There are 2 protein chains.
Amino acid sequence: MTQLDPSAEVDRIATSAKLGRKRDHTRDPEILDAAIDVLAENGFDGMTIDMVAARAKAGKATIYRRWPSKADLVLDAVACMKAGEIDFERLPDTGTLRGDLVAMIRPRSIEEAERKMRIMAGLFGMLSSSPELADAAHAAIIEPRAAVNRMFLRRAIERGEISRDCDVEMLANLIPAMAAFRLLLERKPVDAEFLVSLIDGVLLPAAGLDRRPSA
Amino acid sequence: MTQLDPSAEVDRIATSAKLGRKRDHTRDPEILDAAIDVLAENGFDGMTIDMVAARAKAGKATIYRRWPSKADLVLDAVACMKAGEIDFERLPDTGTLRGDLVAMIRPRSIEEAERKMRIMAGLFGMLSSSPELADAAHAAIIEPRAAVNRMFLRRAIERGEISRDCDVEMLANLIPAMAAFRLLLERKPVDAEFLVSLIDGVLLPAAGLDRRPSA
DNA sequence: CATATCCGAAACTGTTGAGTCTCGTATATA
DNA sequence: TATATACGAGACTCAACAGTTTCGGATATG
């Protein structure tokens, strides 16, 4: 790309081809993490490359050596956002749908969900203009949550706990959708009380299970 | 953008042919409408005052004579957003909760909801930094939709159709939340089929009504 | 030490857009 | 006609930020 001096350019190409020197790029993870942090705090438009560089204690040039533009950096950061990925091996398996769902209500997972929602909110402006980013965001942020619920529901169907006719896709999205709505649009906290009300008052009845006896 | 040329085309007379436009003392409504349009299409950060001025066929100075800043303009535009306000006199009253809810599914109201969601999406970046704007957006965009559902639910309770114990607040937000999630995060269309599935498969069962016999 | 690459810091360029200002014109009122 | 005002058009200033370039220091290798 950058040509400072013809002879130097030729020299660089020759050496790099001969030695095949390792492309370090060892700072990538720190930079991507910093990008996600800044994005979550400021949104796409409010985020600057200088902020990312400062947070990662990296030089701006280092970032531009690796990613051609801010948009590419954000796309990569979202796509690589494996931090807090769900470990399917350690998911609860309590024997009842309600047990599984309630077991997922932990400060840790709530916090994680809040963070992801904030990242998503920061991306809203870009989603319409960048389908690539929209897909990456969906895969990294929305899909993992729904997948867990889907698994719980399928398991409940297999064991005959709930009806085979119930709309698994709809129900798998129910908790994420209501949580996102409450957090982003209503700006109210998504706490255990809310989630239990949602599970007992909406999800389980819709899955064909009666309200719990207490009522 | 603008070329600095001493002997520029200052002497353009093209505009002099314009017809005598009636000068209302206030161009406020046109400007506010234009602001909402531009906001819905570009989001807060993507919207420029020049765009608003062009759309309203107004001068930039006219806008700044009325509102001290872009943020004030947007806040006012959202707060004054009465366009498409729900007419409570003409709401359906079919005698059943399902009838009322299904009667609300019309191209007109879906279109209106999509528009509001797009405006909301454009505001996301600002919501965290401006509580005033967040309140205005909530009151103008979210609350009216929920209020209608709340009324339907209360009416159904009064006539003994559904249980008095059901969570009216939660259920009133169910359709808006699922629609917003589907539209903004999943980027899928919110059509009649989706809404009917949601009503029959989730809302009515959660309200204590059985699934419809068809199954 | 010699050589080569990578990196952080920071100066720099170019563009964009918020907010200001001026001016010519249309309208209203007297 | 004279005067005052509101407006559209658009030039202007200024700051922020994307992206580029330079440079000096660190590190690695022989």
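Here the structure is a predicted model, which means the values were calculated and not measured. We name chains A, B, ... by the order of the sequence lines, and we start the count at 1 in each one. Just so it is clear, the values below take in all heavy atoms, side chains as well, and ignore hydrogens, waters and symmetry mates.
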Between the base of D:dG19 and the side chain of A:Lys60, is one N or O donor paired with an acceptor at under 3.5 angstrom?
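Result: at least one qualifying N/O pair found.
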Is it the case that the side chains of B:Asp167 and A:Ser197 hold a donor-acceptor pair, with the cut-off being a distance below 3.5 Å and no angle test?
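No, no side-chain donor-acceptor pair sits under 3.5 Å.
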Pick one: which of B:Val148, B:Ile105, B:Leu195, B:Val190 meets side-chain contact (heavy atoms from CB on, under 4.5 Å) with B:Ile175?
B:Leu195
Give B:Met51 one of three labels, base, sugar-phosphate or nothing, depending on what nucleic acid heavy atoms sit under 4.0 Å from its own.
nothing
What is the nucleic acid contact for A:Ala53, judged by heavy atoms within less than 4.0 Å: base, sugar-phosphate only, or nothing?
nothing
Is there a side-chain polar atom (N or O) of [X] under 4.0 Å from OP1 or OP2 of [N]?
{"X": "B:Arg65", "N": "C:dT20", "result": "no"}
{"X": "A:Thr62", "N": "C:dC7", "result": "no"}
{"X": "B:Arg66", "N": "D:dC7", "result": "yes"}

Within the 4.5 Å heavy-atom criterion, are B:Leu32 and B:Met81 side-chain neighbours or not?
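With C-beta onward as the side chain, the pair stays apart.
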Closest approach to the side chain of [X], judged atom by atom: which nucleotide of [options] is it?
{"X": "A:Ile49", "options": "C:dG8, C:dA18, D:dA18", "answer": "D:dA18"}
{"X": "A:Lys70", "options": "C:dA18, D:dA18, D:dC7", "answer": "D:dA18"}
{"X": "A:Ser69", "options": "D:dG8, D:dG19, D:dT22", "answer": "D:dG19"}
{"X": "A:Ala61", "options": "D:dA18, C:dA10, C:dC7", "answer": "C:dA10"}
{"X": "A:Tyr64", "options": "D:dT20, D:dT21, C:dC7", "answer": "D:dT20"}

Rounded distance (Å) that lies between atom [atom2] of [N] and atom [atom1] of [X]:
{"X": "B:Ile63", "N": "D:dG10", "atom1": "CD1", "atom2": "P", "result": "15 Å"}
{"X": "A:Leu73", "N": "D:dG19", "atom1": "CG", "atom2": "C1'", "result": "13 Å"}
{"X": "B:Arg27", "N": "C:dT27", "atom1": "CZ", "atom2": "P", "result": "13 Å"}
{"X": "B:Glu30", "N": "D:dC7", "atom1": "CD", "atom2": "P", "result": "10 Å"}
{"X": "A:Asp72", "N": "D:dG19", "atom1": "CG", "atom2": "C1'", "result": "13 Å"}
{"X": "A:Met47", "N": "D:dA18", "atom1": "CE", "atom2": "P", "result": "9 Å"}
{"X": "A:Ile31", "N": "C:dG8", "atom1": "CD1", "atom2": "P", "result": "7 Å"}
{"X": "B:Asp45", "N": "D:dC17", "atom1": "CG", "atom2": "P", "result": "11 Å"}

A:Lys70 charged N/C atom sitting above A:Phe44 aromatic ring, 6.0 Å / 45°
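Cation-pi check for A:Lys70 and A:Phe44: passes.
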Atom CD of A:Glu143: over 12 foreign heavy atoms under 6.0 Å:
yes
